[in-house]
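Here is the naming used below: chain letters follow the sequence lines, and residue numbers restart at 1 for every chain. It should be emphasised that the depicted structure is a prediction, and the values quoted were computed from it without experimental measurement.
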Protein chains: 2
Amino acid sequence: MMMDFYELTMANGYFKDHDKDVQVAFDVFYRQNPDEGGFAIFAGLEQVIEYVENMTFTDEDVEYFRQQHMFSEEFLTYLKNFHFKGDIYALPEGTVMYPNEPILTVVAPLIDAQLVETAILAQINHQSLIATKARRICKAAAGRAVSDFGARRAHNMDAATYGARAAYIGGVVGTATCSAGEMFGIPISGTMAHSWVMFYGDEYEAFKKYAETYPDATILLVDTYDVIHSGIPNAIRIAHEVLEPMGKRLLGIRIDSGDLAYLSKRVRKMLDEAGLSDCKIVVSNSLDEFTVSSLLTQQGACIDSFGIGERLITAKSEPVFGAVYKLAAVGENDHFAPRIKVSENVEKITNPGLKDLYRVYNENGHAVADLIAKCGEQLDDSRPLRYVDPQKPWKNRSFENCTFKNLRKCYVRQGKRTEELPKLDAIRNYVKNQLDHEIWEEEQRFENPHRHYLDMTPDYYELKMDLLTKTRRAHG
Amino acid sequence: MMMDFYELTMANGYFKDHDKDVQVAFDVFYRQNPDEGGFAIFAGLEQVIEYVENMTFTDEDVEYFRQQHMFSEEFLTYLKNFHFKGDIYALPEGTVMYPNEPILTVVAPLIDAQLVETAILAQINHQSLIATKARRICKAAAGRAVSDFGARRAHNMDAATYGARAAYIGGVVGTATCSAGEMFGIPISGTMAHSWVMFYGDEYEAFKKYAETYPDATILLVDTYDVIHSGIPNAIRIAHEVLEPMGKRLLGIRIDSGDLAYLSKRVRKMLDEAGLSDCKIVVSNSLDEFTVSSLLTQQGACIDSFGIGERLITAKSEPVFGAVYKLAAVGENDHFAPRIKVSENVEKITNPGLKDLYRVYNENGHAVADLIAKCGEQLDDSRPLRYVDPQKPWKNRSFENCTFKNLRKCYVRQGKRTEELPKLDAIRNYVKNQLDHEIWEEEQRFENPHRHYLDMTPDYYELKMDLLTKTRRAHG
């Protein structure tokens with residue numbers, strides 16, 4: 001029932017007009033990278049596939065629709081027996097993606113394609129948003145560990161759980177959210193809240209209880225009363241008086257408030273002078289990629305690890321990932337006729353028809369551009385390949401000494417999955433490998449990143465232009 | 001399993017130290033109204049109550065925790081039989097609330113209170129965020145209908161479903177999200193996407209099919225090709241050629257792109273001149289309270305109804321509602337000893353102890369202030385009541401001719417609900433009634449709203465100051 005009601009009103013209309021089994025293709029794409037970044041990370045595919053495989057309407061659902069008094073009994077009976085019968089082509093989960101690319105395509109009977117719209121968009125939009133945000137924060141942390149602490153500020157329970165999954169894909173080392181740890185095997189971590197310290201009243205007593213219970217994993221929260229005058233002195237005593245006699249070391253301290261640059265530097269010095277230079281400093285207080293980057297590069301903060309809450313799990317600086325779902329082609333006899341959505345705004349004109357998406361690599365393995373081709377078009381990489389930059393179509397350009405990789409795979413055929421899906425750790429490594437080896441550093445910077453080229457083969461560009469001209473002529 | 005792992009590490013520690021059954025009280029409160037508004041709306045209570053009533057750990061959950069190698073077998077056995085045994089006091093759902101007020105209090109055995117933290121916060125934070133945002137957008141719409149169209153941009157499925165519930169509490173008239181319609185009885189609506197028009201290719205043909213299928217509820221999406229030159233002329237033809245011969249009227253048209261002020265004014269004129277002055281204009285395109293307000297008050301747009309998507313369902317301008325969960329008191333023998341969390345920042349010092357929250361009404365029924373009292377403290381409204389404004393404690397002030405309403409109720413006692421919960425429509429009406437009759441207009445404006453007073457009885461203020469002094473003395 002994760003659908004917009006218009007999907008039902010349209011479906012009932014298509015059913016009535018005997019168009020329900022016409023094959024159509026819908027593309028999912030987005031128009032802008034979040035936070036004015038240079039790319040985004042595709043996430044949520046596994047849940048999309050699970051959704052379409054298991055999608056049914058219960059008797060209660062059908063009865064609910066009957067009560068809306070808009071649908072024919074024949075249509076309601078049809079819903080009762082509905083299973084998704086379409087195909088899904090998509091980028092592998094974790095692929096670095098760019099605006100206006102067909103990241104997922106549904107090829108299905110008309111009603112089937114229409115009914116999965118909202119569920120696909122909600123899943124892809126949410127997880128891609130959080131994976132992309134996590135990647136940015138990890139980038140800012142420059143190799144230091146970043147953990148997801150966001151559940152309590154997530155937009156309800158799914159957002160916490162699937163958000164943690166997406167954050168892990170994007171590079172965090174773990175989460176505090178138990179549901180995500182259990183469902184997806186993400187490493188979980190957690191120590192103490194202020195309430196632990198407040199419950200015992202005496203800070204030293206509270207720390208001692210904790211260290212005795214978890215001597216191998218003692219991370220003490222030092223800001224309940226006063227970091228410098230109480231928290232750190234007590235933590236140092238714990239290290240010397242409780243842990244060292246057991247042959248253990250104090251693993252870390254956590255600061256959750258105050259001026260993190262100032263405090264972390266003072267704390268580092270205090271710990272070092274107490275012989276605790278191996279004790280890690282963990283911080284957590286409304287951080288994001290901008291504050292993390294500023295702390296490390298401009299303020300000289302001494303921080304080993306970050307716990308990131310609300311600004312990761314809600315992607316606070318830009319909490320909307322705007323992927324859309326647009327009709328690209330309609331089956332007519334034995335072929336697909338392309339469809340285009342025009343707009344006053346040139347950027348909003350859709351890319352029509354069935355198509356393939358290639359990534360173009362130079363001799364060093366760097367991704368120099370992406371390329372849209374007509375579906376099934378053969379690309380010959382043994383000689384220069386002409387292409388059109390749709391921003392500057394008058395230029396005559398070619399890829400030379402490049403290789404081409406068809407980025408998308410068929411994951412679902414006639415409603416059943418065709419590919420074994422990768423494990424979450426493999427997806428996470430795939431993200432890292434792309435960013436370490438394939439994607440230009442110039443696209444990864446936060447400020448004014450290089451804009452990745454999305455080019456077209458001459459044949460595809462011609463198809464689009466022809467259709468645009470015809471459509472304009474027909475509708476003024 | 002909607003919990004942060006530290007709740008488990010602490011619980012295991014409390015269990016080990018035989019503190020698990022000590023009674024404690026935790027308060028939920030928040031520190032700032034979203035969007036610099038004058039108030040927020042409390043939402044999500046029903047789901048909190050359902051959660052604590054049904055909270056258990058499955059064998060798989062317990063096994064998952066065992067594999068973390070941090071917990072004793074005794075503790076794991078304890079979890080297996082865990083049921084929440086505490087009490088919950090809260091504002092009725094839909095109550096207008098203000099920063100630093102105890103909007104919900106858990107009084108429970110220590111472990112019970114700790115384990116429900118994240119689930120309570122995630123639910124209250126999410127639904128209060130969206131209810132408050134919805135209220136702001138409805139306020140800007142000044143009586144025009146506002147509908148939730150946001151599912152596809154929500155942070156996953158729960159966010160769409162519970163977000164629609166919260167938006168309805170906040171004042172929207174309906175949602176497009178079927179799951180929310182079915183689960184909560186919220187009116188649902190939906191007409192057509194651009195894909196409907198693109199599928200048929202010819203716009204007139206597509207409109208005709210729709211009007212013939214839904215002659216009583218024809219709302220046509222007019223911006224697939226060109227609103228002025230194609231969409232509206234075709235919609236007018238449909239009204240005259242298809243609907244009027246059936247004795248029906250064209251209910252509305254929807255514009256989803258372009259300059260809504262300019263288009264809505266031109267469209268209104270075209271419709272009026274065609275004898276369709278009863279045809280409604282619906283708009284939907286990345287709107288929020290600021291754009292809605294500007295369209296209506298500054299740009300003279302002719303709009304009857306708004307469909308609001310991403311900026312409502314993610315509360316885009318401020319997507320974090322920051323309610324926290326802080327220890328307020330610990331049971332000692334036969335009483336509760338208050339606990340306080342100090343901070344360098346005066347605003348972040350918590351309000352300790354068990355307490356009651358009153359709303360103070362003047363003779364006209366306007367809420368002039370809220371008042372924190374010691375739990376069970378008797379307020380005598382037959383004569384002036386002295387109070388302390390904690391921002392200006394040196395002033396000697398009294399409420400005169402005021403009435404006092406204890407805002408909170410006990411909803412759960414020893415893990416079982418004690419109150420029948422109101423229907424969703426009753427919650428929605430309660431919100432409206434408060435805003436129409438009790439809450440000053442000065443608190444409801446967007447720009448620099450009046451800040452509601454949160455005062456204290458002299459006895460409560462003395463308790464807080466005493467504890468603060470003692471705590472400061474003990475921890476430097």
Tell me, side chain or backbone of [X] under 4.5 Å from chain A's heavy atoms, or both, or neither?
X	value
B:Lys316	both
B:Ile340	backbone
B:Asp4	both
B:Ile313	backbone
B:Glu63	neither

Portion of [X] that has a non-hydrogen atom of chain B nearer than 4.5 angstrom:
X	value
A:Lys326	side chain
A:Val197	neither
A:Glu60	both
A:Asp223	backbone
A:Lys341	both
A:Phe15	neither
A:Asp216	neither
A:Thr314	both
A:Ile228	neither
A:Asn125	side chain
A:Ala154	backbone
A:Ala323	backbone
A:Thr177	both

query = Counting N and O atoms only, with roles assigned by atom type, does the side chain of B:Arg339 sit under 3.5 Å from a partner on the main chain of A:Phe199, one being a donor and the other an acceptor?
reply =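 Side chain of B:Arg339 to backbone of A:Phe199, a donor-acceptor pair under 3.5 Å: yes, one is there.
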ask   = Any idea how A:Tyr214 and B:Phe71 line up, ring-wise: parallel (<30°), tilted (30 to 60°), or perpendicular (>60°)?
value =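 If you compare the ring of A:Tyr214 with that of B:Phe71, the planes turn out perpendicular.
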task = For each of B:Ile188, B:Thr213, B:Asp202, tally heavy-atom pairs with chain A at distances under 4.5 Å, and name the one with the top tally.
result =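 Winner by heavy-atom pair count: B:Ile188.
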query = Does B:Tyr51 have any side-chain hydrogen bond (donor to acceptor under 3.5 Å, both in side chains) partners at least two apart in sequence or in another chain, and if so, which?
reply = none
Side-chain heavy-atom pair A:Tyr325, B:Ser195 within 4.5 angstrom cut-off = no
